[in-house]
Amino acid sequence: MSKEEIIIGIDLGTTNTLVACYEGQIPCVIQENESRMIPSIVTYTGDEIFVGDKAKQNFSKYPETTFFSAKRFFGKTFAELEENLKKMPFKVTGDDKSLKFVTPNKNLSPFEISIEVLKEAKNRAQRVLNDNTIKKAVITVPAYFDDGQRNETKTAAMAAGLEVLRIINEPTAAALAYGLDFKKEGKIAVYDLGGGTFDISILDLKDGVFRVLSTNGDTFLGGDDFDTAIVDYLLEGVDEKRPEVLIALKYAAEEIKIRLSEKDSVPVKIDLLDEDFYIDKIITRDLFESLIQKKVKQTIRASKKALKDAQLEVGDISEVVLVGGSSRIPLVRSMVGEFFDKQPFIGLNPDEVVALGAATQARIISGKERDLLLLDVIPLSIGLETLGGAVTKVLLRNTTIPASVTEEFTTSVDDQTGINLNVYQGERELIEDCRPLGKFKLSVPPMKAGYPRVKVTFHIDENGMLKVDAFEERSGQKAQIEINPVIGLSHAEMNNVIKASIDCAMDDFQLRMIVELRNKAERIIVATERTYDKAYRLMEKSDVDEIKVWVKKAKDALKRHEKDQAILEKVVNTLGDLTLPLADLLFSDATKQALVGKETTAI
Ligand code: AMP
């Protein structure tokens, strides 16, 4: 049997480059030694050229000949960018017609730097897939690239030994990755906020063909600016110019920024012993948001312009796709969602979505059908994280699609103002054994635990697109997310998930029982502690004291993460038995209070 020819998709990014291809029916990013991205960085030492991670590692050793963000300089002249170039650690030369990077041996254009990155992408694919015949590729470029820039990209790729089957727009690739070409028509906004650049593109989709209606953006706006905002904040009142300290701070700032996408605050302790430099501060997410708000607003203004240029209103946009590492920042997500009045697509890794789309385009060119998206059953169960890290399955494996299932959930803590809905895929019982598909938050007014009635509907359409709606009935609050659950999941992974679920069925069952017992214990503790005052009024003191002893035993068991089912059952059942008479007494007491002063006829 002849081997199937592999066509790769390359996202030649400003900060990172990714290479992807189809594995079976699924697009996957090609990973080598745990790394999925090739930093778009090249170091010239005079004798050697380092690319990717090796160049990144050598950055502080060769700051003047390590070149990054070359893509920002495509099609630009030295005269145009003179001001911006002053901030770069590397040397650039040129005039009002050209721009060249100064390396020890010769001056190179931005495209010549990219040749090295493209070569590395091709070599990685060949090494990992163990096939040195791989050379056909689809390469993505920003939608605003003109013909000259597209041709130069193609020339660079050819110089890297690639045969370019097609150059496609990055936003189109992102839309393809989300399977949006299966929708018949619509206007799609692709918001791409990366490390160094911001692009907004409005696409018109008709019969599976995407047309770019308008683009806008800023080639000098992105995550780097957010890092700089943190560095400026940390250096407030300090006149620090040493490059090695500034580089160390830039790395620290990026780390802080990334952690703030998950955490509400991050302590910052930087002590460069050799450099006599010390910082001890806490950066909260609120503070970070105030530092970057102006820049994010700039992206919204650009989005408005793009809409206007496309002669569209916000309401005409049917889908919003988020791309780029910086689109993980919660403020960015909420401001984009608010502006377009729509929950953006965020199910795929925003760093990988363009590369996955390029691989999808490669697949379409090769004439193979994307039939996995047209599966007629759900390959793996999909559910929600519930208390204690358990996964409650809502759509079961092998359910015929389209399908729609609604389940009701509530809260376990008083006065919760947000309910996190974390969607998982898999057959196991706990979140750590399942695959996270996406998460979103439903804001609700503060209510007592158990009072909110959150109806969560999982709807999967005939193309396999999953939409999860959450609706809190008492407050009328709504939230939604759209995900393509089969993308990024290979056949082998799918089989492994199913096999593991069978192998671990017994262990999982027991773990689930334990999580449920713990949750039950927690609920009884909270409910009982709330009623102590009344309990002393209504019950014998010794009975209440006995309840308190068992509440303490239950708390201790939770604290030490008790795993013995029998012990947990004992505390939960005993507490249940002891508090049952209390519940009856409280109920009669409440009824009595309600009736005080009322005529019998009014009852
Ligand atoms: P890209 O150019 O799309 O590869 O995006 C790279 C940018 O995304 C860099 O500035 C990263 O610091 C930033 N980034 C990556 N992950 C996160 C995250 N979780 N939160 C905030 N920024 C991130």
Side-chain angles (χ1 to χ4, degrees), residues 9-20 29 31 35-41 52-53 55-56 59 68-74 114 117 121 140-143 169-171 173-174 177 190-201 217-231 247-266 283-289 291-293 295-296 299 321-336 344-358 436 438-439:
I10 300 178
D11 166 17
L12 177 63
T14 309
T15 321
N16 292 297
T17 292
L18 285 92
V19 51
V29 168
Q31 169 177 338
S35 109
R36 298 167 78 79
M37 303 189 193
I38 302 166
S40 306
I41 307 180
D53 285 319
K56 200 172 183 178
F59 184 36
F68 56 87
S69 298
K71 190 172 156 188
R72 285 188 188 202
F73 305 100
F74 285 8
S114 297
V117 180
T140 60
V141 291
N169 291 318
E170 288 163 10
V190 182
Y191 175 104
D192 180 352
L193 188 59
T197 54
F198 166 65
D199 299 313
I200 173 81
S201 312
D218 190 331
T219 36
F220 285 90
L221 200 170
D224 293 346
D225 297 295
F226 306 154
D227 304 342
T228 307
I230 295 180
V231 172
I247 287 173
L249 277 180
K250 148 97 179 113
Y251 280 131
E254 183 174 14
E255 175 100 27
I256 295 164
K257 171 189 74 178
I258 290 174
R259 287 176 62 195
L260 283 170
S261 290
E262 297 292 330
K263 296 197 171 307
D264 289 333
S265 69
V266 172
I283 300 196
T284 62
R285 189 187 282 178
D286 283 349
L287 172 78
F288 173 61
E289 291 185 345
L291 296 176
I292 65 165
Q293 187 144 33
K295 292 275 174 196
V296 184
T299 69
V321 174
L322 289 188
V323 185
S326 301
S327 71
R328 287 201 182 90
I329 296 175
L331 179 74
V332 171
R333 288 189 173 178
S334 62
M335 281 175 72
V336 175
F345 275 97
I346 50 173
L348 291 176
N349 182 339
D351 298 318
E352 298 184 354
V353 47
V354 170
L356 294 174
K439 54 183 177 181

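When a residue number appears, it is its place in the shown sequence, counting from 1. Indexing begins at 1, ligand by ligand and atom by atom, following the structure's order.
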Ligand 1 atoms in contact with [X] (distance to a heavy atom under 4.0 Å):
X: G223; result: 10 (O)
X: T15; result: 2 (O)
X: G324; result: 3 (O)

Under 3.5 Å, N or O to N or O, is [X] touching ligand 1 that way?
X: E254; answer: yes
X: G195; answer: yes
X: G325; answer: yes

[atom]: nearest protein contact (heavy atom, Å):
atom: atom 4 (O) of ligand 1; answer: N16 ND2, 3.5 Å
atom: atom 10 (O) of ligand 1; answer: K257 NZ, 3.0 Å
atom: atom 19 (N) of ligand 1; answer: R328 CD, 3.4 Å
atom: atom 20 (N) of ligand 1; answer: S261 OG, 2.6 Å

query = Closest approach of S40 and G13, non-hydrogen atoms and distance?
reply = OG-O, 2.8 Å
task = Select one of side chain, backbone, both or neither to describe which atoms of S326 lie under 4.0 Å from any atom of ligand 1, heavy atoms only.
result = both
query = Could you go step by step and tell me if R72 and D224 meet the side chain to side chain contact (heavy atoms under 4.5 Å, CB included) rule?
reply = CA-CA 13 Å; R72 285 188 188 202; D224 293 346; 3.2 Å; yes
request  = Determine, using heavy atoms of T14 and all atoms of ligand 1, whether some pair is separated by less than 4.0 Å.
outcome  = no
ask   = For ligand 1, is there an atom lying under 4.0 Å from some heavy atom of G13?
value = no
ask   = Regarding Y191 and S327, is there a side-chain donor-to-acceptor distance under 3.5 Å anywhere?
value = no
inquiry  = Please check this pair: side chain of D351 against backbone of G325, looking for a donor-acceptor N/O pair closer than 3.5 Å.
reply    = yes
task = Might you confirm whether atom NZ of K56 has over 12 heavy atoms from other residues, nucleotides or ligands at distances under 6.0 Å?
result = no
request  = Please check if atom CD in Q31 has more than 12 non-hydrogen atoms from other residues, nucleotides or ligands closer than 6.0 Å.
outcome  = yes
inquiry  = If you apply the rule side chain to side chain contact (heavy atoms under 4.5 Å, CB included), what do you find for V296 with F226, and how did you get there?
reply    = CA-CA 10 Å; V296 184; F226 306 154; 4.3 Å; yes
